[in-house]
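These notes are about the structure you will find just below.
Throughout, protein chains are lettered first and strands after them, A, B, ... in sequence-line order, and every chain is numbered starting at 1. Worth saying up front: this structure is predicted, and the values here are computed from it rather than measured. Values below: every heavy atom of this structure, side chains too, minus hydrogens, waters and symmetry copies.
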There are 2 protein chains.
Amino acid sequence: MPKSRDAASDTALKLSNQLCFAVYSTALAFNAVYKPLLERLGLTYPQYLAMLALWEQDDVPVKEIGRLLHLDSGTLTPLLKRLETAGLVTRTRHREDERQVRITLTAAGRALREQAKAVPLGIFEACGLSTPTLLKLKDELITLRERLDAAAP
Amino acid sequence: MPKSRDAASDTALKLSNQLCFAVYSTALAFNAVYKPLLERLGLTYPQYLAMLALWEQDDVPVKEIGRLLHLDSGTLTPLLKRLETAGLVTRTRHREDERQVRITLTAAGRALREQAKAVPLGIFEACGLSTPTLLKLKDELITLRERLDAAAP
DNA sequence: AATAATTATTTTGTGAACAATTTAATTGCG
DNA sequence: CGCAATTAAATTGTTCACAAAATAATTATT
């Protein structure tokens, strides 16, 4: 009975499409929740991620931010220039290796951290799920992402 | 001991940041896996989503595609114009309600479905996880997305 | 019936995201 | 040493994603 076997594998295969769409649309939904919270800080979500990275470790090369955020320089260069224009970071060629551009927080960039402390609570409340549930979901997504990264060309 | 209480809530709050980043970066990783598979079809991932919707139900207004994909017309109008330029769909004002633009598959658009059948297997393999795991993850993400949608302004 | 309110789509402007190419600096190797 | 290979950023061009405003058609209201 090839018909039923096809139907079963069809269902299994459709699932990967559905999972990807679930991830895609959840990412958009997260962005919609972050947007009003971050608007007060004058940041977009990717800019917020870059600031989070810099609040953890300051004076890092573009490459390192890219490694942390899984983004390439083609995305980060203009993003970091916008943060520079906003007066939150400085971009300077590294003396010891002129290929690198080091990103450093300004006083305003460091000061923004205080205001940003209000953001996670807003997100947590919007998720409306228990801490253990969120933790498990996060770990499973990271596992999935690692598999996808490994499979990518 | 306010210090330990702060530390505990801090950890819980950081989690929502981490979960969002997990969703965000997994969406990018999925896209990287889809890209070479969809390139053969001449589609991007959002275009593929639109085609999937049309293969399920043809001759629908832009609004309906937006409802299914959680995208607004500002995103869809240019995307659908590109599909039209590629010869996969036609865009025509609806006679009964001239506000609507109905999207209809061309013969080439319908024919592309055959080639697209190879895509889900590639994705499934790249996920590298069992069907039950993927199913559970998908359902949890949809629950999360619904909560986020409800919380969004 | 005239007009106000609503609805569907398009347009405009901003900011990602990434492939591919370019530029410039450093490292490696014969 | 000298030149090839590598590395880090920046640039260019295409495609999302969405807010806000504009356009045009339909429906509701007085």
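Within residues 49-66 of chain A, the residues that place at least one heavy atom under 4.0 Å from DNA chain D are, in residue-number order, A:P61, A:V62, A:K63.
In this structure, CG of B:L80 is placed 16 Å from P of C:dA8, rounded to the nearest angstrom. Note: CG (A:L69) to C1' (C:dC18) measures 15 Å, nearest angstrom. Straight-line distance from the CG atom of A:L76 to the P atom of C:dA16: 10 Å, rounded to whole Å. The separation between A:L38 atom CG and C:dA16 atom P is 11 Å, rounded to whole Å. B:F30 has its CZ atom 18 Å from the C1' atom of C:dA17, to the nearest Å. Here the P atom of nucleotide C:dA8 and the CD1 atom of B:I103 are 14 Å apart, to the nearest Å.
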Name the atoms and distances for all side-chain donor-acceptor pairs under 3.5 Å in residues 122-137 of chain A, with sequence neighbours left out.
{"unit_1": "A:S130", "atom_1": "OG", "unit_2": "A:T133", "atom_2": "N", "d": "3.2"}
{"unit_1": "A:S130", "atom_1": "OG", "unit_2": "A:T133", "atom_2": "OG1", "d": "2.7"}
{"unit_1": "A:K136", "atom_1": "NZ", "unit_2": "A:E140", "atom_2": "OE2", "d": "3.3"}

Review item, side-chain donor-acceptor pairs of residues 70-77 of chain A, under 3.5 Å, at least two apart:
{"unit_1": "A:D72", "atom_1": "OD1", "unit_2": "A:G74", "atom_2": "N", "d": "3.2"}
{"unit_1": "A:D72", "atom_1": "OD1", "unit_2": "A:T75", "atom_2": "N", "d": "3.1"}
{"unit_1": "A:D72", "atom_1": "OD1", "unit_2": "A:T75", "atom_2": "OG1", "d": "3.3"}
{"unit_1": "A:T77", "atom_1": "OG1", "unit_2": "A:S73", "atom_2": "O", "d": "2.9"}

Which pairs would a plain distance check flag for residues 43-54 of chain B, meaning a side-chain donor or acceptor within less than 3.5 Å of a matching protein atom at least two apart in sequence or in another chain?
{"unit_1": "B:T44", "atom_1": "OG1", "unit_2": "B:Q47", "atom_2": "N", "d": "3.3"}
{"unit_1": "B:Y45", "atom_1": "OH", "unit_2": "A:F21", "atom_2": "N", "d": "3.4"}
{"unit_1": "B:Q47", "atom_1": "OE1", "unit_2": "B:T44", "atom_2": "N", "d": "3.1"}
{"unit_1": "B:Y48", "atom_1": "OH", "unit_2": "A:N17", "atom_2": "OD1", "d": "3.1"}
{"unit_1": "B:Y48", "atom_1": "OH", "unit_2": "A:N17", "atom_2": "ND2", "d": "2.9"}

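Put simply, the side chain of A:S16 gets close to the backbone of B:P120: a donor and an acceptor are under 3.5 Å apart. Counting only distance, with no hydrogens or angles, the side chain of A:R93 and the backbone of A:R99 share a donor-acceptor pair below 3.5 Å. Under the 3.5 Å distance criterion, the side-chain polar atoms of A:W55 are left unmatched by any main-chain donor or acceptor of A:L105.
A side-chain donor-acceptor contact under 3.5 Å links A:R145 and B:S25.
Linking ILVMFWY side-chain heavy atoms closer than 4.5 Å, directly or via other members, places B:V33 and A:I142 in two distinct hydrophobic clusters.
Residue-level contact check: A:R91 touches the backbone only, with heavy atoms under 4.0 Å from sugar-phosphate atoms and none from bases.
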Contact pattern, 5' to 3', of nucleotides 16-21 of chain D - B, S or - by protein heavy atom under 4.0 Å: SBB---
So A:R113 and A:Q115, side chain to side chain donor-acceptor pair (under 3.5 Å) or not? Walk me through it. CA-CA 5 Å; A:R113 189 177 196 170; A:Q115 283 177 257; over 6 Å; no
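In terms of heavy-atom proximity, B:A22 sits nearest to A:L141 at CB-CB, 4.0 Å.
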Write out a two-atom table: protein N or O, nucleotide N or O from nucleotides 25-28 of chain D, distance below 3.5 Å.
{"unit_1": "D:dT26", "atom_1": "OP1", "unit_2": "B:E98", "atom_2": "N", "d": "3.2"}

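Ion pairing between A:R67 and A:E64 holds under the 4.0 Å rule for side-chain N and carboxylate O.
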